[in-house]
Amino acid sequence: MFRPAFLAVTLVTAGCASAGLALAANSPASDHPRAQAPTPPTGTLQMVLRPQSFNFVDSPPTRSGDGPPSPGDASITGYRVFDASGAKRLGRAQFVCVATDRRGQHEQCTGTIALPAGQIATQGNADNVAIVGGTGAYAGARGTATGHDHPHSVDVTIHFLP
């Protein structure tokens, strides 16, 4: 589905939790009305991914020639994200996949799709992709992603769970 290495994710950032706790501790609760949690997205979202960059990290034992990756080898792929028609650029995506077997047939991937309204976090392998969260308009997102490969792009449909 997402070959050569669609899924992977640059790991999500850690915030300044201590600063946030310090501010909360110094402010009376009445000064901060409780914010309404955003509603997670539902339905589907379609997009086209076009490869922008690809790097391969060959961890020991190094492979010979064009052999399969060995456990621990990683592919890091960057994509430009377009709307479903492929005409309008929407954002970017990054994925990191790590080989988990000696024949190069299995991998574990994480990824982030950055769009104007927020980011979508993914986890899985190239054939089974889970939506595991997000930020902004995609906060609380969960679901699956499917893709259809073309020579120079991947058509992706994200299916958000209600």
Practice prompt. Would you check if Val48 and Val81 make a side-chain contact, meaning some heavy-atom pair closer than 4.5 Å?
Written response: no
Worksheet entry | Contact summary for Ala139 and Pro41, nearest pair of heavy atoms | O-CD, 4.0 Å
Worksheet item: Which heavy atom in Pro51 sits nearest to a heavy atom in Arg80, and how many Å separate them?
Response: O-NH2, 3.8 Å
Discussion item. Could you check whether any side-chain heavy atom of Arg102 comes within less than 4.5 Å of a side-chain heavy atom of Pro71, counting everything from C-beta outward?
Written reply: yes
Practice prompt. Without swapping roles, check the side chain of Arg142 against the backbone of Pro162 for a donor-acceptor pair under 3.5 Å.
Written response: yes
Discussion item. Can you tell me how far apart OG1 (Thr135) and CD (Gln119) are? Round to the nearest 0.5 Å.
Written reply: 4.5 Å
Discussion item. For Arg92, I'd like to know if atom CZ has over 12 heavy atoms of other residues, nucleotides or ligands within 6.0 Å.
Written reply: no
Practice prompt. Please tell me if the side chains of Phe95 and Leu49 come closer than 4.5 Å, counting only heavy atoms from C-beta onward.
Written response: yes
Fill in: Distance, nearest 0.5 Å, that separates OG1 of Thr122 from CD1 of Ile131
6.0 Å
Worksheet item: So do Thr100 and Asn125 actually touch side chain to side chain, heavy atoms under 4.5 Å?
Response: no
Item to complete: Name all residues meeting the side chain to side chain donor-acceptor pair (under 3.5 Å) criterion together with Ser85; count only those two or more places apart in sequence or in a different chain, and write none if there are none.
Response: Asp83
Worksheet item: How long is the gap from CD on Gln46 to NE2 on His159, to the nearest 0.5 Å?
Response: 8.0 Å
Worksheet item: Would Tyr138 and Leu90 show up in the same hydrophobic cluster when neighbours are defined by side-chain heavy atoms closer than 4.5 Å?
Response: yes
Worksheet entry | Nearest heavy atoms of Ala141 and Pro40, plus distance in Å | N-CB, 4.3 Å
Discussion item. Apply side-chain contact (heavy atoms from CB on, under 4.5 Å) to residues Val156 and Val129 and explain how you reach the verdict.
Written reply: CA-CA 11 Å; Val156 175; Val129 180; over 6 Å; no
Item to complete: Might you point out which heavy atoms bring Ser70 and Ala99 nearest each other, and give the distance in Å?
Response: O-CB, 3.4 Å
Discussion item. Working to the nearest 0.5 angstrom, can you tell me the gap between Thr62 OG1 and Asp73 CG?
Written reply: 9.0 Å
Worksheet item: With ring centroids as reference points, do His148 and His150 lie under 6.0 angstrom apart?
Response: yes
Item to complete: Drop me the distance from Arg50's CZ to Arg89's CZ, to the nearest 0.5 angstrom.
Response: 10.0 Å
Worksheet item: How far does CE of Met47 sit from CD1 of Ile113, to the nearest 0.5 angstrom?
Response: 4.5 Å
Discussion item. Tell me every residue that passes side chain to side chain donor-acceptor pair (under 3.5 Å) with His106, counting only those two or more places apart in sequence or in another chain.
Written reply: none
Worksheet entry | Cluster companions of Val132 among Ile, Leu, Val, Met, Phe, Trp, Tyr (side-chain spacing under 4.5 Å) | none
